[in-house]
Trainee: 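Dropping a structure here in structure tokens format, bear with me for questions.
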Amino acid sequence: MAATLPAAPPGVTMLEARPMSDTPPPRVRTRFAPSPTGMLHIGGARTALFNYLFARHHGGEFLLRIEDTDRERSTEAAIRVILDGLAWLGLETDAPPLFQSSRHARHVEVAQRMLAAGHAYRCYLTPAELAELREKAKAAGRGMRIDSPWRDRDPAEAPAGAPFAIRLRAPREGQTVVEDLVQGTVRVANAELDDMILLRSDGTPTYLHAVVVDDHDMGITHVIRGDDHLTNTFRQVQVYDAMGWQAPRFAHVPLIHGPDGAKLSKRHGAQSVTEFRDMGYLPEALCNYLLRLGWGHGDAEILSREQAVDLFDIDGVGRAPSRLDPAKLAFINAHWLRVADDGRIAGEVLALLGRHEGLLGGAEAERRVRALLGALKERAKTLLDLADAAAFLLRPLPLPMTPKAEALLTAGNRAVLRELAATLAGVAFTPEALDAALREWCAAREMKLGAVAQPLRAALTGSTASPGIEAVLVALGREESLRRIAATAQG
RNA sequence: GACCCCUUCGUCUAGUGGUUAGGACACCAGCCUUUCACGCUGGUAACACGGGUUCGAGCCCCGUAGGGGUCGCCA
């Protein structure tokens with residue numbers, strides 16, 4: 001299931017394999033463009049999901065681009081985390097991932113073209129000069145915006161051999177408008193925007209520039225991304241305009257905040273999909289929850305992947321940021337846990353339990369867990385809960401008792417259990433037969449069912465809460481059940 | 001600080017000028033019951049505030065407040 005990690009193709013990108021000129025672009029092509037920082041953020045996961053669903057809904061394509069231009073942070077392990085995360089969520093792409101670092105030459109080429117066309121210029125500002133200009137701009141109350149003197153200076157005045165960055169010659173008049181599919185029409189005066197850097201003085205492209213070139217070359221029709229990119233979009237649009245390229249449609253999705261409304265951070269606990277997976281959430285549940293966070297469609301709450309593809313569209317995306325609600329996630333997860341395939345869940349639970357020392361393993365362990373799985377699933381919110389609740393099945397004898405269970409095992413109740421054991425020894429171990437036998441046994445003694453079921457539960461499970469007692473008996477089997485009763489009845 | 005965005009129950013949302021403002025989670029009560037869950041029934045709970053426009057505003061306009069985002073030769 002783990003995605004294979006394709007090596008960054010040296011010099012060869014999927015663009016060559018997919019000539020744009022002779023294949024008409026599909027109606028819709030989206031992309032998810034994470035930078036490999038070592039985790040797949042929950043917000044990123046939602047962005048990926050929206051891109052995936054949008055593409056699928058419209059019969060288009062969903063692509064992945066790894067923004068690995070920051071070589072320091074980009075490790076193979078970090079890339080693997082993203083690929084594994086997407087695979088776990090079931091968000092398969094329609095082509096191998098494109099590595100932004102492989103596109104360096106093209107980014108440079110486009111910047112050069114803009115330079116040649118006069119849409120960009122060489123800026124020889126030094127870091128010190130830059131800092132000074134920023135100070136002035138700040139003092140003047142113009143924000144942090146700076147104007148490079150090299151925009152209009154004669155290139156001949158440039159210090160020979162000095163390093164230079166290539167800046168966009170952005171329009172100074174008028175305004176730049178983004179017709180955002182989520183936020184509506186967003187506009188800013190061009191006077192508010194400074195000339196963004198396309199190529200750094202070391203010749204590497206900036207993110208803002210690379211994104212535009214890549215989105216264009218990849219034929220991306222819809223850029224669905226976090227709200228935090230909204231104001232950057234203006235600058236990107238200016239690059240599209242300068243190149244005479246048609247910009248894609250933009251859809252800026254509000255960010256996900258923590259339960260307290262502040263930006264999601266470490267102190268809110270889990271942030272990465274890996275963490276949610278490790279907490280026992282199912283991928284379909286996380287997707288369902290994430291889908292409903294920031295998107296709605298009437299009263300629809302529980303949605304399968306198929307339904308999501310069917311119903312999802314940008315017009316259902318809200319404009320306000322939303323908060324992560326662990327309780328609702330748990331509810332959604334409980335639902336998907338209940339309807340999940342038993343074999344799959346049993347495998348997960350057994351794997352979880354297998355990590356603990358001293359628990360029964362092997363075929364008998366599997367038989368017991370599978371026998372009780374249906375009842376266990378009803379009671380669990382997460383796989384971790386489920387494994388906890390199933391653990392008693394595999395515990396060796398003497399069973400640890402909760403205080404409440406202990407309190408139930410009075411001398412009188414132990415005597416009752418001894419007596420019951422004799423009856424149980426001769427009953428067929430099926431839920432129906434056991435239920436009938438228990439009721440009959442109680443009726444004969446004018447006892448309430450609960451009066452015997454609770455001590456029995458304590459003896460069998462070490463706890464006062466469990467699935468139906470006859471289901472527990474069946475799962476344990478006659479032999480083990482009698483052993484447990486005998487152990488507590490004597491002890 | 002400048003610019004941009006946002007604002008319906010605690011939370012996620014439905015709602016596009018006339019609704020008893022709907023649903024879901026959570027919470028509370030009851031039912032079911034051998035415990036715990038599930039399930040079922042019912043309940044508490046919202047249009048941030050102030051001005052307009054209109055016969056009529058949660059829906060349109062303008063302010064205010066609050067929240068968020070962006071201002072890097074990071075991505």
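Residue numbering restarts at 1 for every chain, and letters A, B, ... go by the order of the sequence lines.
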Trainee: In plain terms, say whether D260(A) and R323(A) are close enough for a salt bridge, that is, a side-chain N and a carboxylate O under 4.0 Å apart.
Mentor: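 No, no charged N to carboxylate O under 4.0 Å.
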Trainee: Starting at CG of N333(A) and ending at C1' of rA24(B), how long is that distance when rounded to a whole Å?
Mentor: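 Taking atom C1' of rA24(B) as the reference, CG of N333(A) is at 16 Å.
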Trainee: Given atom CZ of R292(A) and atom P of rU13(B), what is their separation to the nearest angstrom?
Mentor: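 Distance, rounded to whole Å: 7 Å.
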Trainee: Kindly point out which of rC73(B), rA26(B), rC4(B) is positioned nearest to the side chain of T206(A)?
Mentor: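 Side chain of T206(A) sits closest to rC73(B).
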Trainee: Can you tell me how far P in rA48(B) sits from the matching atom in rC9(B), rounded to whole Å?
Mentor: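 Here rA48(B) and rC9(B) have their P atoms 7 Å from each other.
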Trainee: Side chains of residues 163-173 of chain A: which donor-acceptor partners sit under 3.5 Å, not counting sequence neighbours?
Mentor:
residue: R167(A); atom: NH1; partner: D195(A); partner atom: O; Å: 2.7
residue: R169(A); atom: NE; partner: G118(A); partner atom: O; Å: 2.9
residue: R169(A); atom: NH1; partner: R151(A); partner atom: O; Å: 2.6
residue: R172(A); atom: NH2; partner: D147(A); partner atom: OD1; Å: 3.4

Trainee: Assess, by modelled atom type and distance only, whether the side chains of R457(A) and T461(A) contain a donor and an acceptor separated by less than 3.5 Å.
Mentor: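 No - no donor-acceptor pair under 3.5 Å links their side chains.
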Trainee: Would you mind telling me which residue lines up with the more 5' stretch of RNA chain B, Q183(A) or R46(A), judged by nearest nucleotide?
Mentor: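 Per heavy-atom nearest nucleotide, the more 5' residue is Q183(A).
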Trainee: Nearest to the side chain of S35(A), which nucleotide is it out of rG22(B), rC73(B), rA75(B)?
Mentor: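 Ranking rG22(B), rC73(B), rA75(B) by closest atom to the S35(A) side chain puts rA75(B) first.
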Trainee: Roughly how many Å is it from NE2 in H209(A) to P in rA75(B), rounded to a whole number?
Mentor: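 Rounded to whole Å, this separation is 12 Å.
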Trainee: If I take atom CG in residue L255(A) and atom P in nucleotide rC4(B), what distance separates them, rounded to the nearest angstrom?
Mentor: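 Atom-to-atom, L255(A) to rC4(B), this comes out as 18 Å.
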Trainee: Indicate the atoms forming the closest heavy-atom contact of Q100(A) with V211(A), along with that distance.
Mentor: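 Closest heavy-atom pair between Q100(A) and V211(A): NE2-N, 3.9 Å.
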Trainee: Indicate, with a heavy-atom threshold strictly under 4.0 Å, whether L456(A) touches base, sugar-phosphate, or nothing.
Mentor: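 Result for L456(A) = nothing.
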Trainee: Figure out the NE2/C1' separation between H252(A) and rC3(B), and round it to whole Å.
Mentor: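 Taking NE2 of H252(A) and C1' of rC3(B), I get 15 Å after rounding.
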Trainee: Rounding to an integer number of Å, can you tell me how far D180(A) CG sits from rG69(B) C1'?
Mentor: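 About 13 Å, once rounded to whole Å.
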Trainee: If I take atom CG in residue D195(A) and atom C1' in nucleotide rG72(B), what distance separates them, rounded to the nearest angstrom?
Mentor: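 Taking atom C1' of rG72(B) as the reference, CG of D195(A) is at 15 Å.
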Trainee: May I have the distance from E301(A) (atom CD) to rA14(B) (atom C1'), rounded to whole angstrom?
Mentor: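 The distance from CD of E301(A) to C1' of rA14(B) comes to 10 Å, rounded to the nearest Å.
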Trainee: Could you run through nucleotides 29-39 of chain B and give me one letter per nucleotide, 5' to 3': B if any protein heavy atom sits under 4.0 Å from the base, S if only the sugar-phosphate is that close, - if neither?
Mentor: -----BBBBSS
Trainee: What nucleotide among rU7(B), rU13(B), rA2(B) has an atom nearest to a side-chain atom of A320(A)?
Mentor: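 The nucleotide sitting nearest to the side chain is rU7(B).
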Trainee: Please work out which of the three classes, parallel, tilted or perpendicular, describes the rings of F312(A) and F50(A), given edges at 30° and 60°.
Mentor: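 Rings of F50(A) and F312(A): tilted, 30 to 60°.
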Trainee: Salt bridge check: are E284(A) and R305(A) linked by an N-O gap of less than 4.0 Å?
Mentor: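 Result for this pair is no, no salt bridge flagged.
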Trainee: Would Y240(A) and H216(A) count as a ring pair (Phe, Tyr, Trp, His ring centres under 6.0 Å) here? Give the steps.
Mentor: CA-CA 8 Å; Y240(A) 282 103; H216(A) 171 265; 7.2 Å; no
Trainee: For G294(A) and for P321(A), find the nucleotide of RNA chain B with the closest heavy atom, then tell me which residue's nucleotide is more 5'.
Mentor: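 Nearer the 5' end of the strand: P321(A).
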Trainee: On a whole-Å scale, what distance lies between the P atoms belonging to rG23(B) and rU41(B)?
Mentor: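 Between the two P atoms, the distance is 12 Å.
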Trainee: Would you measure the distance from the P atom in rC32(B) across to the matching atom in rA24(B) and give it in whole Å?
Mentor: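 One P to the other, the span is 23 Å.
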Trainee: Please determine whether a side-chain nitrogen or oxygen atom of R187(A) lies at a distance below 4.0 Å from atom OP1 or OP2 of rC3(B).
Mentor: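 No, outside the criterion.
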